[in-house]
Protein chains: 2
Amino acid sequence: MSRKNFLFQKSVNALLDILKNEYVVGDNLPSDLTIANRLDVSRSTARKTIDYMIEQGFIVKLGSQKTLYAMPQKSHYFAVNKQSMSKDKQVEEHFLNLILNGKIKPGDRFSELELARQSNCNTVTVREFLIRFSRFGLIEKSPRSQWQMKNFDEQFVDELYEVRHLFEMYSLSSFMQLEETKPHWQQLEALLLEHQEIEPHMEERFHEFPKLDQKFHTLMQSAQPNQFVSQFYDIISFVFHYHYQWDRNSEKDRNTVAVHEHIDIISKMLMKDYRGATLALEKHLNTAKESLKNTAIL
Amino acid sequence: MSRKNFLFQKSVNALLDILKNEYVVGDNLPSDLTIANRLDVSRSTARKTIDYMIEQGFIVKLGSQKTLYAMPQKSHYFAVNKQSMSKDKQVEEHFLNLILNGKIKPGDRFSELELARQSNCNTVTVREFLIRFSRFGLIEKSPRSQWQMKNFDEQFVDELYEVRHLFEMYSLSSFMQLEETKPHWQQLEALLLEHQEIEPHMEERFHEFPKLDQKFHTLMQSAQPNQFVSQFYDIISFVFHYHYQWDRNSEKDRNTVAVHEHIDIISKMLMKDYRGATLALEKHLNTAKESLKNTAIL
DNA sequence: CTTCTGATTTTTATAAGTAAAAAACAATTG
DNA sequence: CAATTGTTTTTTACTTATAAAAATCAGAAG
């Protein structure tokens, strides 16, 4: 953003919105700091946007008193296009696209320079993104050599699921210990209904499942929030999302089975059948693991 | 390294070593590729070192045949000093030093630029290091603002220990299921001896404990290796190391207690007393957690 | 003396450029 | 023709430079 002052432009647009919605011509405007906080930028940037407004004639200044002089129109907004993303986001989008579309497959090597060229930015930005992304454990590099997509092998899946198993079981246990009065139980009940609602219509609505899945696991974790567990879930989610791109065909079947399994787990939980819920969860995790393994390019 | 051709220099030194130890004057040398592989560098670099040797007169070339012409002496080696570290390592050393010496405390903000100046390198290198380091969850930054050392609060410790507890208990369970014939049991026995050996002399030998601790946890994990678990242990180790710098006084006491607890756990494990070992481990983890909390700057 | 403003300094995000190293290519030799 | 060499191209690791944004500072105004 720094070379192209997008933050400034966004601020201008945001300020125009605020002026339009909350002030009328003749009103005095609040202090720089107030505006800066409102726009969620530094005072320097807020100041620059105000100066710009003055230049454009929307605001006049008498001493240090800022007054709204004219109402801005649509045409005064800066156009916000795709390029307004930070370079970082641009790289991210490009890279995820590549791997989600199978352009980069497990075992493949790729260079920073090439990515930089493709995503129209410089190597530093690319490299910084890749370093950040490497926390997912899907790519790695050794000094002076290119990055490599790690092999997505059986062992990787096993280890991933080992930890997932531990965490999910722990979440379940924490959840089951919640007092009856906690709102979690109502949320769980509501979630059951949502599942039951789409269950008979999976033929058409199977693509709604991922959202439910997300909800379910978030709810489970909410019983005992833990930043390390959440972090790990980011990895799981990504690996799933990443991996199933190659196997769109079986998606409907997979989701249908999963909905049933979720219903099973949640029902048992609501009946306070800890043992039953554990077994159902165990089964669910195994299904997921096996299906991942079957899809995997091993 | 790139500006100062350290890899080249290291290669020269390595090749000199090889020549001295494995060849005599008059010997023909193997192919570029063979040498490159041996030096663990690309052929280009290997080639450059060979060319340098020719320039220096140690090697002569007839057509494409390389022959050792003179034996190198000590004085021909490149001096390898501290600056031979990659910039990256230099930043790492500097930064860890800062936080381990309490120069940067929880909650503190710090700038990339300052670190760059202090560690005598540029902001890009610093930033890349910080991004990599941020996986430990101890620092964070939001766009356009400085980095911040996260608060090391009770919740952080609790969450850390929650996961640690899960992992350790799982490791224990995996270990206990190992067949009697596995070498792990002998290693465990040996480890018990090591503990018992220093136990009566903790007054002087308390500083030997961290190594034992490391060994113990590595051994436990070896029963069921898992990259995610190992990764998490890196965090734990670092947090410990980091944190206890501020409380050197109680180190002896802490370690003395810990040695006893380890002995307790290992003994129970060797007796195949799973229940007893679990309880002992539970106690050990609690001690550690409490001691961390007491030290913590909350 | 707190809040605000205007001016100044620092820092971040990004670009452009480059020596060193790696990789790819093409010619050659055994 | 497989392995090796000499040559060329590409990439990485790093430096320097700078517009944009943030942070700081010193007065001014309430």
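- Here the two rings, on Phe228(B) and Phe228(A), have centers that are 6.0 Å apart or farther.
- Residue Lys61(A) places at least one side-chain N or O under 4.0 Å from the OP1 or OP2 atom of dG6(C).
- Spacing between atom CG of Asp51(B) and atom P of dA21(C) amounts to 13 Å, rounded to whole angstrom units.
- Side-chain nitrogen and oxygen atoms of Arg127(B) include none within less than 4.0 Å of the OP1 or OP2 phosphate oxygen of dT14(C).
- Nearest-nucleotide mapping onto DNA chain C: of Asp40(B) and Thr125(A), the residue sitting toward the 5' end is Thr125(A).
- Ring centroid separation for the pair Phe95(B) and Phe110(B) comes in under the 6.0 Å cut-off.
- The shortest distance between the side-chain N/O atoms of Lys87(B) and the OP1/OP2 oxygens of dA20(C) is not below 4.0 Å.
- Judged by distance alone, with hydrogens and angles left aside, Ser44(A) brings a side-chain donor or acceptor within reach of the base of dA22(D), the pair sitting under 3.5 Å.
- More than 12 heavy atoms of other residues, nucleotides or ligands lie within 6.0 Å of CZ in Phe240(B), so this atom counts as buried by the packing criterion.
- The distance between atom CG of Asp88(B) and atom P of dT15(D), rounded to the nearest whole Å, is 11 Å.
- Among the nucleotides dT11(D), dA20(D), dA16(C), the one closest to the side chain of Asn5(A) is dA20(D).
- We find that CZ of Phe8(A) is positioned 13 Å from P of dA22(D), with the value rounded to whole Å.
- Using a 4.0 Å cut-off between charged nitrogen and carboxylate oxygen, Glu22(B) and Arg38(B) count as a salt-bridge pair.
- Distances shorter than 4.0 Å separate some side-chain N or O of Lys141(A) from OP1 or OP2 on dA13(D).
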Intermediate values then yes/no, salt bridge (charged side-chain N to carboxylate O under 4.0 Å, His left out), Asp108(B) and Lys103(B)
CA-CA 9 Å; Asp108(B) 283 0; Lys103(B) 299 277 170 61; over 6 Å; no
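- Phosphate proximity of dA13(C) to Thr123(B): absent, as no side-chain N or O sits under 4.0 Å from OP1 or OP2.
- Glu112(B) comes within contact range of the sugar-phosphate backbone alone, with a heavy-atom separation under 4.0 Å but no base atom that close.
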How does protein contact run along nucleotides 25-30 of chain C, one letter per nucleotide 5' to 3', with B for base contact, S for sugar-phosphate only, - for none, heavy atoms under 4.0 Å?
------
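- Of the candidate nucleotides dA21(D), dT5(D), dT12(C), dT12(C) has the atom lying nearest to any side-chain atom of Ser111(B).
- For the pair Leu98(A) and Leu115(A), the minimum side-chain heavy-atom distance is below 4.5 Å.
- Between Tyr52(A) and Phe78(A), the ring center distance clears the sub-6.0 Å criterion.
- For Glu93(A), the CD atom sits in a loose shell: 12 or fewer heavy atoms of surrounding residues, nucleotides or ligands are nearer than 6.0 Å.
- Not one side-chain nitrogen or oxygen of Lys66(B) sits closer than 4.0 Å to the OP1 or OP2 atom of dT4(D).
- Residue contacts for Arg117(B): at a heavy-atom cut-off of 4.0 Å it reaches the sugar-phosphate backbone alone, with no base atom in range.
- Comparing dA22(D), dT11(D), dA21(C) against the side chain of Arg144(B) picks out dA22(D) as the nearest.
- With Thr49(A) as reference, Leu15(A) is the one residue of Val41(A), Leu16(A), Leu15(A), Leu7(A) to meet the side chain to side chain contact (heavy atoms under 4.5 Å, CB included) rule.
- Note on Asn122(A): a base of the nucleic acid sits closer than 4.0 angstrom, heavy atoms only.
- Separating the CD atom of Gln118(A) from the C1' atom of dT11(D) is a distance of 14 Å, rounded to the nearest angstrom.
- Asn120(A) places its CG atom 12 Å from the C1' atom of dA15(C), with the value rounded to the nearest Å.
- Straight-line distance from the CZ atom of Arg109(B) to the P atom of dA22(D): 12 Å, rounded to whole Å.
- Between Glu114(A) and Ala46(A), the residue anchored closer to the 5' end of DNA chain D is Glu114(A), taking for each the nucleotide with the nearest heavy atom.
- Rounded to whole angstrom, the span from the CZ atom of Arg47(B) across to the P atom of dA23(C) amounts to 16 Å.
- Between Gln146(B) and Pro143(A), the residue whose closest nucleotide on DNA chain C is further toward the 5' end is Gln146(B).
- dA13(D) atom P lies 15 Å from atom CD of Gln90(B), rounded to whole Å.
- With dT12(C), dA21(C), dT12(D) as the choices, the nucleotide that has an atom nearest any side-chain atom of Leu113(B) turns out to be dT12(C).
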